[in-house]
Structures are given as structure tokens and as C-alpha cells.
Amino acid sequence: MSASPETTPARPDAPAYDFRTAEPRWQRAWAERACFEAEDVPPQGRPTYYVLEMFPYPSGKIHMGHVRNYTLGDVVARYKRARGFTVLHPMGWDAFGLPAENAARERGIHPATWTFDNIAAMRAELQRMGLSLDWRREFATCQPEYYGQQQKLFLDMLRAGLVERRESWVNWDPVDQTVLANEQVIDGRGWRSGALVEKKLLSQWFLRITRYAPELLAALDGLDRWPERVRVMQAKWIGRSEGARLRFALTDAKLAGQDEVEVYTTRPDTLFGMSFLAVAPEHPLAARLAARDPRAAAFTAECRRMGTSEAVIETAEKRGYDTGLFVAHPFRPQLRCPVWIANFVLMDYGTGAIFGCPAHDQRDLDFARAYGLPVLPVVAAVPADGGQPGGPDDDAAGAIGTRAYDGPGRIVNSEFLDGLTIEDAKRRAISELERLGLGAGVVNWRLRDWGVSRQRYWGCPIPVIHCAACGVVPVPAATLPVVLPADVTFDRPGNPLDHHPTWRHVACPNCGAAARRETDTFDTFVDSSWYFARFCSPHAAEPVACAAVDRWLPVDQYIGGIEHAILHLLYARFFTRAMQATGHLSVEEPFRGLFTQGMVTHESYRDAAGKWLYPEEVERTADGTPRRRADGGAVTVGRVEAMSKSKRNTVDPGAIIDRYGADTARWFILADNPPERDMEWTEAGVAGAYRFTQRLFRLAQGLGGAACPEELPPTIGAAARTLRRATHRCVAAVTEALEGFAFNVAVARLHELANAVGEAERAQGATADAAVDLLWSRHEALRTLALLVAPMMPHLAEEIWHLLDPAAARLAAEMAWPDADPALVAAESVTIAVQVMGRLRGTLEMPPDSPEAIVLAAAAAEPNVARALEGRRVVKRVHVANRIVNFVIAG
RNA sequence: GCCCGCCUGGCGGAACGGCAGACGCAGCGGACUUAAAAUCCGCAGCCCAAAAGGCAUGGGGGUUCGAGUCCCCCGGCGGGCACCA
């Protein structure tokens with residue numbers, strides 16, 4: 001683009017703002033004056049504000065998503081600081097995880113070396129952005145100083161009964177050779193590796209998050225500064241439901257090896273519509289049958305391989321195996337229903353067994369149709385006319401085709417439930433089950449306990465020892481941290497800790513016998529579940545120092561991607577409660593305010609051969625046709641989508657900062673659109689932002705170094721008053737916009753003020769004299785502009801601040817937020833729209849709050865309005881003060 | 001399939017139920033320049049020669065003096081979850 005700074009020679013009379021020297025200079029000034037450092041325990045009497053952006057995984061380079069995230073947080077931090085808050089704004093590294101091990105396997109670099117090299121590179125890039133961070137608090141989760149404290153927390157939770165070791169069906173990732181929590185399986189694939197997941201039985205460590213399910217759900221209501229949709233997603237994830245557990249007696253206990261099957265249902269009202277019972281392939285009953293029936297074994301084995309991704313491709317693929325067993329119906333003991341093993345029944349939800357009511361559940365219906373099972377309607381839709389249900393036109397009454405009916409209605413064909421509503425029938429059915437001793441009403445949760453074991457090296461060691469005699473023995477607190485051994489090899493799959501010659505061989509702390517150290521490490525979500533608390537006292541000898549954490553927590557404003565809406569945020573909420581239960585802190589909720597930003601997107605490009613091209617490989621001809629820069633080859637412009645390495649539609653923040661500076665990058669990101677939406681990164685947009693930085697600087701230079709007159713002159717001319725009003729209205733508008741995260745609106749208002757300053761500059765030039773009132777007003781406007789722009793473009797703000805007053809004792813970053821003078825913000829006159837029958841026919845300029853009679857008279861007298869009213873009878877006059885008049889006419 | 005968003009000029013977007021399109025990007029015209037770039041100024045939703053007027057916030061209804069905004073139906077786009085009984 002022609003707007004590139006390289007091709008913009010500095011004009012001799014107006015040297016351009018040189019961000020290359022200015023940005024590092026101001027960054028040094030902030031550091032020297034410790035502008036962004038906060039005390040662990042800040043002094044009482046001043047309000048505190050904790051701003052936190054989700055800390056990054058140290059992949060090696062920052063990407064535009066980071067730039068957006070940290071810019072948003074920095075605006076908040078700088079703004080709140082100017083508003084008088086003592087601000088905590090830390091940064092650290094989510095430094096454990098698989099990519100480091102992959103690098104070790106692929107390139108022979110030690111995970112620690114790889115990680116710390118990446119951290120150094122990314123820290124340098126973040127520092128170039130000019131973020132107002134307290135770098136003294138920086139830590140990486142892979143440092144023993146951090147994860148050792150995490151081990152303490154774990155042992156406290158173990159003591160408090162919040163940890164459990166149990167055998168369970170888990171998702172096995174064959175590529176990563178590790179277990180994934182159910183929440184981490186996406187479409188049957190590992191959320192990190194993408195490998196198809198298999199089911200496997202393994203001993204695992206679990207954190208008992210389910211114990212907090214009711215509280216985690218109830219407390220969502222209090223999170224009024226969270227996005228509604230995040231709360232909804234969490235509520236659905238926790239998944240409270242009311243239903244019944246009931247036991248079905250098997251009619252041939254000898255064959256089955258057990259005499260009953262327990263089922264959970266949310267629809268006990270449809271029990272009379274039952275035509276089969278189905279258990280999950282992992283159900284104990286299925287396992288017993290498989291042990292003696294080769295065909296049952298073949299079916300369950302097939303289900304295990306299949307995972308869940310099949311269902312996406314083949315929606316109608318309901319598979320089952322008829323066990324030949326039967327259960328008795330609880331209300332009609334003479335009725336026998338067949339027992340199936342079915343691939344759509346989940347072992348982890350409810351009891352792993354269901355009763356099938358095909359008429360009123362789509363999955364059950366699909367299954368029944370596939371295997372020729374009966375369909376017995378028991379809910380009749382109530383006709384809209386309020387007549388009797390089950391009339392001739394009512395297809396829900398008898399005729400179920402391929403659509404199950406799950407709407408409202410009345411119960412039919414169900415003996416003692418007949419005629420009841422669904423809700424009444426549920427209650428009645430449950431009380432009958434209770435009377436018969438066959439079941440009870442229960443509340444069920446979808447949320448499962450959090451499996452935290454990982455068979456990996458690059459994670460926090462789980463601090464326990466397995467002793468043949470004593471069982472599981474916690475590592476004594478005095479010997480913590482359990483430090484990862486550095487000398488490991490990655491020449492074979494699986495966990496290097498298992499292959500280490502000595503590390504796992506230890507004496508039992510209890511009996512002294514030879515014992516084995518736990519070689520599982522924690523899920524990295526554990527690391528990120530309490531880092532926000534550690535930031536309050538990052539060097540404390542305990543996990544958190546109470547005095548600090550109680551002063552700072554909860555985080556006032558947390559900012560990050562929507563992709564963490566469920567897992568990370570839910571785990572952090574759980575961890576906070578668990579830390580409270582173990583006496584580490586006293587808050588319940590970690591994040592008072594949450595903001596979820598949109599993604600950064602970019603056009604994608606392919607050459608004639610279909611190969612993806614990076615944006616910098618593409619240029620535009622004069623008529624806008626894209627072509628390959630190297631050889632002019634044809635280029636197809638693809639969709640605008642999230643930046644990704646595979647599509648090569650990425651833009652490197654480092655290159656942008658080199659070329660335009662950090663302020664330009666920050667400004668464009670804020671200006672383009674509302675921060676919660678996806679933004680499109682465009683070259684033209686950055687160039688525009690760059691031009692604005694130069695323009696602001698030139699406006700400040702336009703004062704030509706003229707000192708600001710000491711006092712506001714007693715007489716203020718029209719031009720000066722116009723500018724002063726623009727200045728103060730801008731303060732009010734920008735303040736309101738920043739409070740509401742409407743950064744793009746703040747940018748628009750700042751453009752307007754810049755335009756007003758430009759006009760004033762010309763007005764002053766036209767008078768050809770130093771009109772002192774105007775000069776003073778321009779100083780005021782530019783001073784204000786510098787402070788208002790400072791949260792967003794901090795370096796340029798300092799540069800302008802310094803230019804206006806080279807002797808200033810304080811930096812712009814140290815100044816208080818400007819106050820708007822209400823007298824100047826108030827309108828001098830208002831434009832009132834005049835409508836006839838709701839259609840605009842004219843406008844009036846009036847003093848604010850003019851008496852209604854005068855406004856109405858003036859409105860009716862407006863020529864265009866008068867023409868529209870001519871010969872008509874006005875039946876109603878609507879007057880909204882300072883806004884609108886609407887005449888309603890007859891006919 | 002279920003749930004949640006979103007839909008406004010060429011583009012990003014603005015708009016307590018009250019003048020739709022602020023501000024910017026791209027565009028066009030002008031000034032400056034030998035010329036271009038940069039810069040500065042101005043124009044700009046669509047129809048109509050213009051005025052007047054009409055049409056315009058995905059489509060259709062409704063509530064209201066007045067709807068981009070509230071309600072109902074439909075369509076499209078995006079996202080989340082998914083055999084969750």
C-alpha cells in the first residue's frame with residue numbers, strides 16, 4: 001500500500017511522528033517510574049481493580065488474537081488506573097502442555113528449553129505492545145515455584161475428600177497415548193491431537209466437581225457481568241434435570257447374572273408407552289452377556305471402536321443387539337419388555353440404561369423402527385381449540401410415523417395416569433413407583449467428575465506414592481515440590497516418566513518399603529484453574545497469601561476467547577470453591593466480570609494450483625485484481641475466516657508493529673468493530689489507523705510550540721466555544737463508551753474531536769492572529785485528546801503530552817482521567833424533528849426545554865409541515881421534549 | 001435434531017421506542033504539486049433532472065402517534081452442544 005511509512009518521506013516542515021524511537025522511549029519511562037506496579041496488599045482507602053486477560057500458551061509467537069485480547073485488557077487497565085483505581089494487571093504463561101513434548105519428539109529439543117525460549121520471544125513481543133503490565137508478577141506454570149504450590153492444593157483437596165481415584169471408562173487418545181476427559185473429546189476426537197478416541201478402562205484421578213454442581217449452577221444467576229450466552233452454555237453443561245430412578249426386574253436372573261436393571265428417566269409419565277429397555281455397551285449387564293455370548297461381545301466391541309463420530313455422518317444409524325432377556329413392566333408386571341444393548345445409550349449419563357418409549361422420544365422411535373419394536377402412544381396433543389384430545393384430526397393421538405411427539409398434551413392409554421397433564425403424570429408415576437418400592441424421584445446432573453490424570457511428561461506431577469502395603473500415600477508436604485526430572489528421553493511413545501530409570505522408585509513415606517511414585521501428571525486445565533489467584537502474591541511460600549488474595553479477588557474484569565466459555569471457566573469456578581473449602585481464600589466466584597472477544601479474521605488466498613498463500617504473498621493491481629507478488633500469477637480470494645496456519649491467512653503482529661508501530665495496531669483493532677464480534681484484519685484498515693496517528697501528532701504540532709496561555713481568557717469567541725463544547729462532550733462520550741466496552745464508538749468520538757481541532761486550527765489561521773481564547777481552547781482540546789486516547793494509544797499520547805508541555809512533571813500514564821464540564825456538555829440548542837402521521841416533514845432549532853406551546857406553534861408554522869396539515873384536522877399532538885413533535889391528523 | 005447469537009449503504013459499523021446511516025474504510029470531485037504520492041477541503045443510501053415526494057435496517061404480519069429497536073411467523077448466516085433419556 002502506498003500509505004506505507006517507508007514510502008512516506010517526512011516533510012521538512014512537519015516531521016512525522018517517529019514511533020520507532022518514541023515507543024521504546026516511553027516504555028522505558030513507564031518502567032523507570034514503575035507506573036504499573038501494584039502492591040500485593042494495596043493500601044486501604046483506594047479502590048482496587050483487577051484486570052486479567054487469559055494468559056497465553058507459549059507457542060513461540062504472539063498472534064493477532066493475543067494482540068486483540070491484550071489490547072482490550074490494557075485499555076481497561078489504563079482507563080481504570082486513570083479513574084483512580086489501584087490496578088492489578090499481571091501476565092504469565094500457561095506453560096505446560098503437549099506441544100512442548102511434540103517439539104521434543106520431533107526436533108530433539110528439551111520441553112523446558114523449548115518452552116523458556118518461546119516465553120522469552122513472546123515476552124519481548126508483548127513488551128513491544130506497550131502493555132501496562134506489572135511484569136514483576138510474571139510466572140510460568142512449569143516452574144516448580146508454581147506447580148509445587150499446586151501440588152499442595154491438590155493434597156489439601158485430597159484431605160478434604162475432593163479427590164478420588166477410581167477405575168472408569170475413559171477416552172483413550174491413541175496418538176497422545178493419554179486419557180481425555182469426556183469434555184475434551186470433540187466429535188469423537190481428542191481436542192488437541194484430533195485422533196479418533198477409543199474407550200478404555202483405566203485407573204484415574206478425579207476432582208469431584210460434581211459435588212459443587214448445584215452451587216455452580218445456582219451461582220450463575222449472580223454473575224450479572226458475564227455474557228448471557230456463557231451462562232446459558234454453562235448451565236446446559238451442568239445439566240440439571242428432574243426425573244426418576246427405577247428398577248426393572250429381569251425375568252431370568254440366572255441368565256443375566258443379576259436380577260434387576262436400574263434406569264434413569266425424565267419422562268416417567270410415558271412408562272405405559274415403554275416397548276423395550278436398552279443398556280449402554282459399557283454397562284455391566286452388557287459386559288456379563290459379552291462374557292458368554294460371542295455375538296454380544298462382537299457388538300459391544302464394535303461400539304467401543306465406533307466412538308461418537310459415526311453418528312454425525314450417519315444420523316439414522318441406531319444399532320442394537322437383542323439380548324433375549326426381558327424385564328417386567330413396573331405397573332403391568334405381566335407385561336414383558338425385551339432388553340437390548342444399544343449404541344445410543346450413554347454409560348456416563350444417568351445409570352447407563354434407559355427404557356424406550358418410541359412414541360415420545362425421537363431416538364427411541366428411530367431405534368424401534370429399525371428393529372420392528374412396538375410404538376405405543378401415551379400422550380395426546382391437546383387441540384388448539386381446547387376440545388377433547390385425541391380427536392379425528394389429531395395425528396399425535398394414535399398415528400406416530402417417523403416423528404416422535406414430545407410436545408404438551410394429556411396422558412392416554414395409561415390406566416391411572418389417563419387424563420393427567422405431563423407434569424401431573426410425572427408426579428403421579430413417581431409416587432406410584434415409590435409406593436411400589438421400585439423407584440424414586442431424583443435430580444440428575446449431566447456434569448461429570450473431572451478426570452485430571454494425564455500420561456505425559458510435560459505437566460505437574462501428581463504428588464502421591466503407591467505403596468504395596470499402605471496403598472496411596474500423599475507425598476509429605478516437607479518434601480514438596482515433586483520436581484519433574486530433567487533427564488528424560490522421548491524416543492518411544494507413552495509417558496517418559498514411566499521410562500525414567502530412577503525417578504519413580506521411592507521409599508514409602510509411611511512404612512519405608514520400596515514404593516512407586518505416581519507418574520501421571522495433571523491436565524493443564526488444573527494449572528489455569530487458579531493462576532489468577534497466584535498472581536495476587538506470586539512469590540508467596542504458600543499457594544496464595546490470604547491478605548493479598550482477599551484484597552484483589554475476585555477478578556473485576558476477565559477477558560478472553562469464547563472458546564473457554566465452558567471448560568476453563570467452569571474448572572476455575574470449581575477450583576475457587578475448593579480453595580475456599582480448604583482455607584486458602586474466602587471468595588466463591590473467581591471472575592466478577594467476563595468479556596468474551598471475537599476472533600480476528602482475514603481473507604484467504606489460493607493460487608491457480610489451489611495452494612494457500614500468505615497475505616504478504618498477494619498484491620493488488622491498480623483495478624484491485626489480486627495477483628501473486630512473486631510472478632503476477634492468478635489468485636483466488638476465498639472467504640474471510642478465522643486466521644489459521646493451515647489457511648495461511650495469518651498476519652504476524654511483529655511485522656505489523658515493525659511497520660506501523662504498536663499504537664497503530666492497537667488503534668485499528670479497537671476501531672474496526674465492537675470487540676465481542678469477529679473483526680476482519682485488512683491492510684487498508686491498518687493504513688487508515690496509521691494515518692490517524694500521524695494526523696493527531698500533526699495537530700499537536702500545529703500549535704507550533706506555542707505555550708498555553710496561563711488563564712482561560714474572560715471572553716470566549718464562537719470558534720473557541722465550539723471547540724470547548726466538542727472537547728467536553730467528547731470526554732463524556734468516550735467515558736461512557738469505555739465503560740460499556742464500546743471501544744469502536746470511543747474511537748469515532750475521538751475522530752470527531754480531532755476534526756474539531758483541525759477546524760479550530762484553520763479558524764485560527766484565518767484570523768491571522770493569536771486569538772488567545774482559541775489558542776487556549778486548542779491546548780485544552782489537545783491535552784484532553786492525549787489523555788482520552790492514552791488507554792488506546794499510550795505511546796502517542798505520551799508524545800503529544802510531552803509536546804504540549806515539555807516540562808510536565810507527570811507522564812500521561814500518571815494523569816487522572818479528564819472531567820467533563822456539565823455546562824459545556826449540555827446542548828445550547830436542540831434539533832426537534834417534526835412529523836405528520838409519523839413521517840418527517842421538517843426540523844426545528846430550539847433552545848433546550850422550550851415550553852411545549854411554543855414548540856408546537858413553531859412546528860405547525862414550519863412551511864413544509866403547514867402544507868401537510870393544510871385542510872386537515874389535527875386530532876393529537878405528540879411532543880417529546882427536545883426530540884420530536886408528531887401531529888396526528890384525522891382521516 | 002436441540003440451544004444461542006446475528007442480519008442496517010460498496011465495506012466495518014452508529015443510533016435512551018423519537019431526524020436511520022454518526023465515525024471510519026473504499027470511492028468521486030477540488031486545492032496544493034511540473035506531475036504523482038502524501039496532506040488539506042468537499043460530495044456521497046436508492047429512485048427522480050432538481051425541488052417536492054417516494055422507497056429503504058433479510059422477508060411477512062402485529063403493537064404504537066411513531067419500530068433498526070418490542071411481539072409473532074418465515075428465511076439466511078454464524079456459533080455451541082449432540083445419540084444427555
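Every heavy atom of this structure was used, including side-chain atoms; hydrogens, water molecules and symmetry mates were not.
Summarising the geometry, the separation between CG on A/N755 and C1' on B/G42 is reported as 13 Å, rounded to the nearest angstrom. Distance A/E870 CD to B/A52 C1': 15 Å, rounded to the nearest Å. One interatomic measurement links the two molecules: CE of A/M599 to C1' of B/G78, which rounds to 9 Å at whole-angstrom precision. In this structure, A/Q234 places its CD atom 21 Å from P of B/G79, rounding to the nearest Å. Atoms CD1 (A/I562) and P (B/G79) sit 13 Å apart, rounded to a whole Å. Note: CG (A/L373) to P (B/A85) measures 21 Å, nearest angstrom.
For the C1' atoms, the distance from B/G76 to B/G59 is 10 Å, rounded to whole Å. Straight-line distance between the C1' atoms of B/G21 and B/U39: roughly 28 Å, to the nearest whole Å. Here, B/A26 and B/A20 have their P atoms 29 Å apart, quoted to the whole Å. Nucleotides B/G5 and B/G10 are separated by 26 Å at their C1' atoms, to the nearest Å. Comparing the same atom, C1', in B/U8 and in B/C77 gives a spacing of 15 Å after rounding to whole Å. Comparing the same atom, P, in B/A85 and in B/C4 gives a spacing of 16 Å after rounding to whole Å. B/A22 and B/C11 have their P atoms separated by 15 Å, given to the nearest Å. One P atom belongs to B/C47, the other to B/A56, and the distance between them is 15 Å to the nearest Å.
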Under-3.5 Å N/O pairs linking protein and nucleotides 60-67 of chain B:
from	atom 1	to	atom 2	distance (Å)
B/C65	O2'	A/N886	ND2	3.0
B/C65	O2	A/N886	ND2	2.6

Polar atoms only, N or O, under 3.5 Å: list the protein pairs with nucleotides 48-50 of chain B and their distances.
none

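A 4.5 Å side-chain heavy-atom check between A/V379 and A/T270 finds at least one atom pair inside the cut-off. Looking at A/R446 and A/Y349, their side chains come closer than 4.5 Å, going by heavy atoms from C-beta outward.
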Discussion item. I'd like to know whether A/W340 forms a ring pair (Phe, Tyr, Trp, His ring centres under 6.0 Å) with A/F367, so could you lay out the CA-CA distance, the side-chain angles of the two residues, the decisive distance to 0.1 Å, and finally the verdict.
Written reply: CA-CA 11 Å; A/W340 288 67; A/F367 189 74; 5.4 Å; yes
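For B/G53, one of the phosphate oxygens OP1 or OP2 lies less than 4.0 angstrom from a side-chain nitrogen or oxygen of A/N864. OP1 or OP2 of B/A85 lies within a sub-4.0 Å distance of a side-chain N or O belonging to A/Y349.
Ion pair A/E761/A/R698 not flagged as a salt bridge, since none of the NZ, NE, NH1 or NH2 atoms sits closer than 4.0 Å to an Asp/Glu carboxylate oxygen. A salt bridge links A/E423 and A/K426; the closest N-O separation between the charged side-chain nitrogens and carboxylate oxygens is under 4.0 Å.
Both key distances under 3.5 Å define a Watson-Crick or G-U pair, and stretches of 3 or more such consecutive pairs in RNA chain B run B:1-7 with B:75-81, B:10-12 with B:23-25, B:27-31 with B:39-43, B:45-47 with B:53-55, B:58-62 with B:70-74.
Looking at A/T351, its side chain does come within 3.5 Å of a backbone N or O of A/E262 through a donor-acceptor pair.
Between the side chain of A/R867 and the base of B/A52 there is no donor-acceptor pair of N/O atoms closer than 3.5 Å.
Of the two residues near RNA chain B, A/E680 and A/R695, the one whose nearest nucleotide lies more 5' is A/E680.
Other residues, nucleotides and ligands contribute more than 12 heavy atoms inside 6.0 Å of the CD atom of A/E676.
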